[in-house]
Amino acid sequence: MYVKQFDLTYNDYMEETIFINGGRKLVGEVSVNASKNAFLPIMAGCILCDEQVCLKNYVHISDLALMREILGQLNVSSVLSGRELVLDMSKLQNNKLSHVLTQKMRASIFLLGPMLARFRSAVIAYPGGCKIGTRPIDIHIKSFKSLGAKIIEKHGYLFCNGENLKAGEVTLDFPSVGATESLMMCCVLLKGRSVLKNVAKEPEIVDLEKFLQKMGAKISGAGGDCIVIDGVDKLHGCDFSVMPDRVVAGTYILAVATCGGDALIDGAIAEHNETLLAFLRQSACNIDIEHDKIRIRVGNRLPSIDKIQTMPYPHFPTDLQSQMLVLQSVCKGNCVLKENLFESRFGIVPELIKMGANIVLNGNTAYIQGVEDLFGADVFATDLRAGAGLIIAGLKAEGYTTIHNPFYIDRGYEDIEQKLRYLGAEIKRREI
Ligand code: EPZ
């Protein structure tokens with residue numbers, strides 16, 4: 001039975017606003033927690049064994065709280081003390097995963113692979129997640145079918161029969177992060193050799209591979225074009241520390257670049273944000289790397305970057321697109337920013353225009369003319385990263401900004417107001 005250990009219920013995250021008095025430089029030090037997008041597939045991967053797994057550096061964000069509840073539906077008990085999360089799979093059951101929880105988060109689909117691996121069957125409702133596009137799961141489904149799974153889609157559910165699942169070769173139509181991860185977690189328990197091609201290369205994939213290896217899986221190649229897996233009969237429990245969150249680190253770096261200041265981002269792996277750091281160095285930011293610390297110093301208003309487009313890793317990440325768009329909206333000059341991964345990930349733009357930004361959208365391209373100042377306003381978060389971008393805009397803007405729907409931001413940022421107060425920001429959370 002799932003034992004809720006948090007003082008915050010899911011609804012607690014709902015009824016609040018974030019209030020900012022902007023126009024100050026950001027100076028100080030902020031630490032980065034573990035990566036949401038690594039933690040979620042790793043939590044799903046825990047069901048590949050029937051023992052205990054201890055994840056050492058848990059992050060208090062609602063997506064992880066939700067994943068605990070979803071695992072609870074499979075009779076996984078989880079106990080949190082401090083940042084140490086112990087999950088117990090000894091009483092795991094192959095229960096149906098209803099839409100009630102799965103439709104709240106994209107990551108629920110990551111359970112399909114491990115469920116097929118463990119039970120050779122699964123009934124799981126379609127996933128949900130931030131409204132940044134249609135977010136189909138056709139690549140997931142096509143890949144599992146190519147390994148012998150029978151999947152019927154009906155009434156918003158996937159009815160999956162994996163009795164004939166066999167190790168084999170799969171080439172993904174597109175390097176989907178989630179499909180890569182779900183496939184990895186299925187093939188580790190399929191007898192024989194599986195070869196996954198045209199896979200995603202994100203650092204989170206590499207971290208998942210490290211976790212699976214610690215559980216006893218025979219898997220290699222993550223981070224490259226091809227992952228090779230030799231299936232084993234059984235995996236065992238382990239202790240594991242998840243990699244730092246490169247998107248959270250990039251968000252704080254872009255906040256300093258936008259507002260000006262001098263900040264040390266502690267616990268960040270610079271090579272995970274190489275493209276971002278290269279763009280910022282090109283814009284005359286002072287960036288110093290000291291082991292797992294990134295120091296960024298920014299004086300005056302930065303020049304625009306002419307062209308930016310989002311692409312799979314190691315190119316510029318879609319998860320920093322909204323935050324980068326805010327920076328470009330106050331730079332000197334013009335920027336053309338193209339979003340190639342998701343078809344509607346410009347939810348922040350109408351809110352930024354309310355604050356004085358000069359942005360014109362045409363399809364998946366934003367044409368930005370940098371303005372000297374933004375002005376505080378009442379704005380509405382539409383998704384996780386747009387919400388983070390609005391915080392940056394509020395920190396930069398003259399006057400007061402109120403951000404509604406901060407529950408989107410709580411999906412992926414632990415205590416962001418306190419962390420920004422460490423950098424000198426005037427920001428707080430208040431009841432509506
Ligand atoms: C993961 O989502 C991340 N989420 C996203 O982060 C991130 O933006 C995305 O990867 C890309 O890097 C988690 O890891 C929990 P994809 P995922 O499958 O796996 C299309 C955040 O803000 N596609 O790589 O859903 C899809 O529509 C979130 O933290 C299909 O067409 O991303 C998109 O256009 C947002 N069919 C593109 O591929 C499929 O079956 C990339 O999607 C699967 C994906």
Side-chain angles (χ1 to χ4, degrees), residues 33-45 59 61-64 66-67 70 102 104-113 126-146 151 153 158 170-185 196 198-208 242-243 245-251 272-273 275 309-324 338-348 364 381-389 408-414:
N33 298 110
S35 161
K36 165 179 86 78
N37 289 352
F39 229 105
L40 288 166
I42 286 170
M43 286 176 80
V59 201
I61 53 179
S62 60
D63 269 14
L64 298 197
L66 182 57
M67 183 56 95
I70 293 173
T102 63
K104 289 189 169 89
M105 178 168 67
R106 174 74 178 181
S108 51
I109 194 65
F110 297 174
L111 281 159
L112 179 55
Y126 273 93
C130 283
K131 301 275 177 287
I132 53 178
T134 49
R135 308 192 79 178
I137 55 172
D138 56 321
I139 300 174
H140 294 249
I141 292 168
K142 185 178 173 187
S143 303
F144 286 117
K145 283 184 173 175
S146 73
I151 299 177
E153 301 176 62
L158 300 176
V170 181
T171 301
L172 273 65
D173 293 347
F174 178 85
S176 154
V177 169
T180 301
E181 291 165 340
S182 197
L183 274 169
M184 286 163 74
M185 293 190 281
L196 310 181
N198 193 33
V199 290
K201 305 188 187 94
E202 275 68 5
E204 292 78 16
I205 310 280
V206 176
D207 217 40
L208 176 61
V242 174
M243 62 172 259
D245 196 314
R246 62 189 170 100
V247 181
V248 169
T251 302
H272 288 172
N273 273 309
T275 312
Q309 61 172 334
T310 64
M311 298 287 282
Y313 193 87
H315 302 292
F316 186 74
T318 176
D319 291 349
L320 288 177
Q321 180 258 99
S322 295
Q323 304 91 312
M324 174 62 92
K338 195 166 176 240
E339 169 56 58
N340 290 310
L341 273 295
F342 292 102
E343 63 272 30
S344 47
R345 197 168 198 176
F346 284 126
I348 194 174
N364 65 349
T382 52
D383 59 77
L384 164 57
R385 306 303 175 184
Y408 283 113
I409 302 165
D410 295 328
R411 297 192 54 175
Y413 292 85
E414 179 185 284

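Atoms within each ligand, like the ligands themselves, are counted from 1 in listed order.
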Verify, without hydrogens or angle tests, whether [X] (side chain) and [Y] (backbone) share a donor-acceptor contact under 3.5 angstrom.
X    : Y    : result
S182 : G113 : yes
S35  : D245 : no
D410 : I61  : no
T251 : G389 : no
E343 : E339 : no

Polar contacts were defined as any N/O atom of the residue lying under 3.5 Å from an N/O atom of the ligand; does this apply to [X] and ligand 1?
X    : answer
G178 : yes
T318 : no
E181 : no

Identity of the nearest option to [atom], non-hydrogen atoms only, from [options]:
atom                    : options                : result
atom 16 (P) of ligand 1 : I139, I132, V177, D383 : V177
atom 33 (C) of ligand 1 : D319, L341, I109       : L341
atom 36 (N) of ligand 1 : D138, L40, D173        : D138
atom 39 (C) of ligand 1 : S176, P136, G129, P41  : P136

Atom indices of ligand 1, in the order listed, that fall short of 4.0 Å to a heavy atom of [X]:
X    : answer
K36  : 21 (C), 29 (O)
F174 : 37 (C), 38 (O), 41 (C)
R106 : 25 (O), 43 (C), 44 (C)
R135 : 2 (O), 25 (O), 27 (O), 35 (C)
I137 : 39 (C), 40 (O)

> Quick one: does R345 get a heavy atom under 4.0 Å from ligand 1?
Replying inline: yes
> Applying a strict 4.0 Å limit to heavy atoms, is R411 in contact with ligand 1?
Replying inline: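 No; R411 lies far enough from ligand 1 that no heavy-atom distance drops under 4.0 Å.
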>> For I109, run the side-chain contact (heavy atoms from CB on, under 4.5 Å) check against E181, H140, R135 and tell me which one passes.
In response: H140
> Looking at residues at least two apart in the chain, or sitting in another chain, which of them share a side-chain hydrogen bond (donor to acceptor under 3.5 Å, both in side chains) with K145?
Replying inline: none
>> Please tell me whether R345 and S322 have a donor and an acceptor in their side chains that are separated by less than 3.5 angstrom.
In response: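 No donor-acceptor contact under 3.5 Å links the two side chains.
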> Can you name the closest pair of heavy atoms from I137 and R106 and give their distance?
Replying inline: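 Closest pair (atom of I137, atom of R106, distance): CG2-NH1, 3.7 Å.
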> What part of H140, side chain from CB on, backbone N/CA/C/O, both or neither, has a heavy atom under 4.0 Å from ligand 1?
Replying inline: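 Answer for H140: both.
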>> Can you list everything that forms a salt bridge (charged side-chain N to carboxylate O under 4.0 Å, His left out) with E202? Sequence neighbours excluded, please.
In response: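 For E202, no residue satisfies salt bridge (charged side-chain N to carboxylate O under 4.0 Å, His left out) once neighbours in sequence are set aside.
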>> Among all the protein's heavy atoms, is there at least one whose distance to atom 30 (C) of ligand 1 comes out below 4.0 Å?
In response: yes
